[in-house]
Visitor: 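Before I ask anything, let me first share the structure, which is written out below as structure tokens.
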Number of protein chains: 2
Amino acid sequence: MNQPKRYLDIVSDIRDMIRREKIRPGDRIPSERELAETLQVGRSTLREALRSLELLGLIETRRGEGTFLSDHRNHKLVEVLSTFILQDNQSQEDVWQTRLVHEVAAIRLVCQNEALDGIRVWDSFRKKLESEENILREDFVREVMVLSGNRLSLKIWFLLQQYSGNPYAEAVSGPERELLKPILSALEQRDTELAIQSFKSWSGWIQKRRMQNGDDS
Amino acid sequence: MNQPKRYLDIVSDIRDMIRREKIRPGDRIPSERELAETLQVGRSTLREALRSLELLGLIETRRGEGTFLSDHRNHKLVEVLSTFILQDNQSQEDVWQTRLVHEVAAIRLVCQNEALDGIRVWDSFRKKLESEENILREDFVREVMVLSGNRLSLKIWFLLQQYSGNPYAEAVSGPERELLKPILSALEQRDTELAIQSFKSWSGWIQKRRMQNGDDS
DNA sequence: ACTTACGAGTGGCCAGACCACTTTCAAATT
DNA sequence: AATTTGAAAGTGGTCTGGCCACTCGTAAGT
């Protein structure tokens with residue numbers, strides 16, 4: 001009979017310990033030598049379990065300091081898979097579309113969830129618009145994503161945004177600023193459909209520019 | 001200066017080797033001692049990388065035989081992550097919502113893109129419905145995702161679906177089958193809004209069941 | 001021809017040893 | 001007294017070598 005893998009037991013043990021000791025994200029967990037002692041396993045075996053957990057983004061290790069429980073809201077889930085996703089040379093179009101899907105969903109949430117109050121955020125952007133201050137495209141959208149409260153979606157969006165090419169890291173240009181205003185108004189009035197529609201207009205405008213510029217790498 | 005983690009390099013090296021040597025799922029990869037030799041690392045360090053890959057379900061090790069490229073995504077990842085991460089309701093809810101977002105986007109695409117013809121697919125499901133044949137929830141949705149043609153979205157969905165718990169892997173129950181019919185009809189007629197609306201109804205029904213059942217471990 | 005036993009090869013696990021790095025705190029210096 | 005310095009302790013990172021448990025092919029024995 002094949003023994004169940006030791007390092008998987010260790011993973012469970014560590015999880016139990018974390019729960020029992022009420023270790024919070026960011027807290028330090030016992031050192032490798034200490035854990036190996038208490039769990040009665042060799043240090044290298046213990047490390048196999050720890051490295052697995054680290055790859056999953058559940059813990060974080062810093063040489064000389066120790067091992068810490070990471071905020072598992074930042075799941076590496078997406079990163080881990082992004083290596084697989086990216087290897088098949090997916091068309092930029094899919095990335096663009098998928099990112100847009102997340103953004104529209106966030107806007108819908110922000111508009112419809114009474115508990116999400118973005119007045120301060122919209123105000124600050126309106127002021128920047130009027131004062132001709134620079135605004136990065138991604139900065140605005142990020143605020144929407146954060147405000148929506150879905151951390152997983154935010155994480156995925158953040159990745160997609162990185163693969164969306166330059167346009168998103170650029171400043172909102174002059175005429176483009178006019179496209180931003182109706183979005184802000186609709187958000188302030190919680191007019192879901194109007195917000196989505198005007199956001200899509202803006203997004204379409206950006207994409208058109210992106211096409212014209214031709215693609216770099 | 002903090003060195004980049006060694007075992008992560010090893011993970012990359014192994015992946016490269018797999019690609020270079022054209023190792024297929026199910027094939028055996030070199031032994032630990034052999035790999036350690038060729039990659040010029042200690043065996044224990046190499047093992048840390050291998051155990052990580054094993055936990056991700058990418059490889060499979062059998063004592064006395066060797067290490068194999070696993071043929072299917074046996075992600076233990078899902079089990080481990082779900083016990084660690086998905087304890088808090090917020091995360092579960094985020095996963096559920098995000099998955100739904102991708103599904104709705106796919107439905108919209110399928111309805112609006114003339115080039116996507118799903119008649120054969122809808123037909124086969126209609127027949128299954130009428131013949132009382134078993135239908136898994138995820139099977140139906142997967143078809144929609146695949147048909148939408150956005151492969152990136154499909155991959156993300158595939159992951160999220162695994163984290164969505166049992167409900168998605170279950171068969172469509174008796175009364176539930178009635179909820180599926182309007183979705184099929186709307187899809188056939190390419191009525192975007194109706195399709196989305198009836199799909200959301202179904203999805204809401206599933207989620208309600210999920211809540212009732214309470215959580216198991 | 002069939003069965004058995006052995007040995008080579010494999011993963012599983014462990015102990016011990018360095019190394020590189022961070023933190024701490026007491027001693028030395030100013 | 002305040003500051004700087006540096007040595008020590010503790011941590012993760014890695015390697016070596018060893019032993020065990022298991023699988024499998026094959027040579028030896030029947």
Side-chain angles (χ1 to χ4, degrees), chain A residues 1-15 17-18 21 23-72 76, chain B residues 1-15 17-18 21 23-71 74 76 79-80:
Chain A
M1 189 58 64
N2 229 330
Q3 288 268 73
K5 313 271 177 169
R6 201 82 151 79
Y7 83 102
L8 284 179
D9 293 341
I10 299 180
V11 166
S12 299
D13 288 344
I14 293 177
R15 185 200 56 198
M17 183 205 66
I18 287 174
E21 310 280 355
I23 299 177
R24 312 284 306 171
D27 289 353
R28 191 170 161 284
I29 70 180
S31 74
E32 295 183 350
R33 290 167 178 84
E34 206 171 328
L35 274 176
E37 174 68 20
T38 63
L39 297 183
Q40 286 292 295
V41 297
R43 194 181 152 214
S44 41
T45 307
L46 178 87
R47 276 180 62 83
E48 292 178 11
L50 287 180
R51 292 294 76 70
S52 297
L53 291 178
E54 187 183 17
L55 190 67
L56 292 183
L58 298 175
I59 61 174
E60 194 177 328
T61 58
R62 296 197 280 273
R63 181 194 302 211
E65 299 181 54
T67 305
F68 302 82
L69 197 61
S70 73
D71 183 357
H72 30 271
K76 271 207 178 116
Chain B
M1 192 58 64
N2 230 331
Q3 288 269 81
K5 312 271 177 173
R6 199 82 146 80
Y7 83 102
L8 284 179
D9 293 340
I10 299 180
V11 166
S12 300
D13 288 344
I14 292 177
R15 203 197 46 190
M17 184 205 66
I18 287 175
E21 310 281 355
I23 299 177
R24 311 288 304 173
D27 290 352
R28 189 169 163 284
I29 70 181
S31 74
E32 296 183 349
R33 290 168 177 84
E34 204 172 329
L35 273 176
E37 173 69 19
T38 61
L39 297 182
Q40 285 294 293
V41 297
R43 193 180 153 215
S44 45
T45 307
L46 177 86
R47 276 178 62 83
E48 292 178 11
L50 287 180
R51 291 296 76 72
S52 298
L53 289 178
E54 185 183 17
L55 194 67
L56 288 181
L58 299 176
I59 62 175
E60 193 177 329
T61 58
R62 296 196 280 273
R63 183 196 300 212
E65 299 183 54
T67 305
F68 303 82
L69 206 61
S70 100
D71 27 2
N74 293 337
K76 292 196 185 64
E79 301 160 21
V80 177

Visitor: For B:E37, is the CD atom crowded, meaning more than 12 foreign heavy atoms sit under 6.0 Å from it?
Guide: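 Result for CD/B:E37: open.
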Visitor: Heavy atoms from C-beta onward define the side chain here; which of D:dG12, C:dG11, D:dC15 lies closest to that of B:R47?
Guide: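 Of the options given, the side chain of B:R47 lies nearest C:dG11.
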Visitor: Contact class for A:S44 (heavy atom, under 4.0 Å): base, sugar-phosphate, or nothing?
Guide: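 Base contact.
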Visitor: Between B:T45 and D:dC15, is there a side-chain N or O to OP1/OP2 distance below 4.0 Å?
Guide: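 Result: yes.
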Visitor: Quickly work out the B:L35 CG to C:dG9 C1' distance and round it to whole Å.
Guide: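 Nearest whole value for this atom pair: 15 Å.
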Visitor: Step by step, would you call B:I14 with B:L53 a side-chain contact (heavy atoms from CB on, under 4.5 Å)?
Guide: CA-CA 10 Å; B:I14 292 177; B:L53 289 178; 4.2 Å; yes
Visitor: Separation of B:E60 atom CD from C:dG11 atom P, in whole Å?
Guide: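 Whole-Å distance recorded here is 13 Å.
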Visitor: With respect to the side chain of A:E32, which nucleotide from C:dG11, D:dT11, D:dG13 is positioned closest?
Guide: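 My answer, after comparing the listed nucleotides, is D:dG13.
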Visitor: In whole Å, what is the span from the CG atom of A:L8 to the C1' atom of C:dG11?
Guide: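 One finds 14 Å between C1' of C:dG11 and CG of A:L8, rounded.
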Visitor: Take atom CD of A:E37 and atom C1' of D:dT11, then tell me their distance rounded to the nearest Å.
Guide: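 Distance check: A:E37 CD to D:dT11 C1' gives 16 Å.
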Visitor: Please determine, for the side chain of B:R63, which listed nucleotide (D:dG12, C:dC14, D:dA21) has the closest atom?
Guide: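 The answer is D:dA21.
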Visitor: Consider the side chain of A:R33, meaning its heavy atoms from C-beta on, and name the nucleotide among D:dT14, D:dT11, D:dT16 that approaches it most closely.
Guide: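 The answer is D:dT11.
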Visitor: Given the structure, check if the side chain of A:R43 and the base of D:dG13 hold any donor-acceptor pair shorter than 3.5 Å.
Guide: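 Checked by distance alone, the answer is yes.
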Visitor: In the structure I gave you, are the side-chain heavy atoms of A:L8 and B:L55 within less than 4.5 Å of one another anywhere?
Guide: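 Yes - at least one pair of side-chain heavy atoms lies under 4.5 Å apart.
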Visitor: Give one of base, sugar-phosphate or nothing for A:G64, where a contact means two heavy atoms less than 4.0 Å apart.
Guide: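 A:G64: base contact, heavy atoms under 4.0 Å.
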Visitor: Locate the shortest heavy-atom distance separating A:L35 from A:M17; write the atom from each residue and the value.
Guide: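 Heavy atoms only, the tightest pair is CD2-SD, 3.7 Å.
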Visitor: Over how many whole Å does the gap from B:E48 atom CD to C:dC14 atom P extend?
Guide: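 The answer, rounded to whole Å, is 14 Å.
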Visitor: What's the CG-P distance between B:L50 and C:dG11, to the nearest Å?
Guide: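 After rounding, the gap between these two atoms is 8 Å.
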Visitor: What's the CG-C1' distance between A:L46 and C:dG12, to the nearest Å?
Guide: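 Distance, rounded to whole Å: 15 Å.
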Visitor: If you apply the rule salt bridge (Lys or Arg N to Asp or Glu O under 4.0 Å), what do you find for A:E32 with A:R51, and how did you get there?
Guide: CA-CA 11 Å; A:E32 295 183 350; A:R51 292 294 76 70; 3.7 Å; yes
Visitor: Would you tell me if any nitrogen or oxygen in the side chain of B:R51 comes within less than 4.0 Å of OP1 or OP2 on C:dG12?
Guide: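 Yes, B:R51 has a side-chain N/O under 4.0 Å of OP1/OP2 on C:dG12.
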Visitor: Let me know the distance between CG of B:L39 and P of D:dT14, rounded to the nearest Å.
Guide: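 In whole Å, D:dT14 P and B:L39 CG are 13 Å from each other.
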Visitor: Heavy-atom nearest nucleotide on DNA chain C for A:E65 versus A:I10: which residue maps closer to 5'?
Guide: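 Counting from the 5' end, the first nearest nucleotide belongs to A:I10.
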Visitor: Check this one for me: any side-chain N or O of B:T67 less than 4.0 Å away from OP1 or OP2 of C:dT10?
Guide: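 For C:dT10, OP1/OP2 do not have a side-chain N/O of B:T67 under 4.0 Å.
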